[in-house]
Peer 1: 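The structure is given below, and queries will be raised subsequently.
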Amino acid sequence: MTVSLTCNHCKKAITGEDEDELVVNVQEHVGEHSRAHGVTHIVTREQILHRLRRQQEKEEAGRTE
C-alpha cells in the first residue's frame, strides 16, 4: 500500500510503497531543502512516522464527518 506525506515547505507529496521507503524518501527530500538553504537538518524515522500517523488520523476524521 502506498503511503505519502505532504512537505510543509513546498507542499509536494512525498510517497513510498511502504513506511520504510517513505522514510528514505522524506529524509532525502528534507536533505535537498537543507542543502538549498546551507543548513543541516536531519529528520528521524520516529518523527516521520509520528507525522504520518497524525496525518492519517486527520484524514480518517475528515471521512467520518
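In this text, all values refer to a predicted model and were calculated from it rather than measured experimentally.
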Peer 1: Taking atom CD1 of Ile14 and atom OG of Ser4, what is their separation to the nearest 0.5 Å?
Peer 2: 9.0 Å

Peer 1: Answer yes if Ile48 and Met1 sit in the same cluster of Ile, Leu, Val, Met, Phe, Trp and Tyr residues linked by side chain heavy atoms under 4.5 Å apart, and no otherwise.
Peer 2: yes

Peer 1: Begin from the C-alpha positions of Gln27 and Val43 and carry the test side chain to side chain contact (heavy atoms under 4.5 Å, CB included) through to its verdict.
Peer 2: CA-CA 6 Å; Gln27 289 173 329; Val43 62; 4.0 Å; yes

Peer 1: To the closest 0.5 Å, what do you measure between CG (Leu49) and CD (Glu19)?
Peer 2: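 One gets 5.0 Å once the value is rounded to the nearest 0.5 Å.
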
Peer 1: Any donor-acceptor pair under 3.5 Å linking the side chain of Glu28 with the backbone of Asn25?
Peer 2: no

Peer 1: Please find the pair of heavy atoms, one from Ile42 and one from Gln47, that lie closest to each other, and give the distance.
Peer 2: O-OE1, 4.0 Å

Peer 1: Once you measure the plane-to-plane angle for His29 and His33, does it fall in the parallel (<30°), tilted (30-60°) or perpendicular (>60°) bin?
Peer 2: perpendicular

Peer 1: Hey, could you give me the CZ/CG distance between Arg51 and Leu5, rounded to the nearest 0.5 Å?
Peer 2: 5.0 Å

Peer 1: Begin from the C-alpha positions of Leu22 and Thr15 and carry the test side chain to side chain contact (heavy atoms under 4.5 Å, CB included) through to its verdict.
Peer 2: CA-CA 6 Å; Leu22 177 68; Thr15 62; 5.6 Å; no

Peer 1: Run the side chain to side chain contact (heavy atoms under 4.5 Å, CB included) test on Val26 and Val30 for me, step by step, so that the C-alpha distance in whole Å, both residues' side-chain angles and the decisive distance to 0.1 Å come before the verdict.
Peer 2: CA-CA 6 Å; Val26 169; Val30 169; 4.2 Å; yes

Peer 1: Evaluate the criterion side chain to side chain contact (heavy atoms under 4.5 Å, CB included) for residue pair Ser34 and Thr40; output intermediate values, then yes/no.
Peer 2: CA-CA 5 Å; Ser34 295; Thr40 301; 5.7 Å; no

Peer 1: Measure across Asn8 and Lys11 and return the closest heavy-atom pair with its distance rounded to 0.1 Å.
Peer 2: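 So the minimum-distance heavy-atom pair works out to O-NZ, 2.9 Å.
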
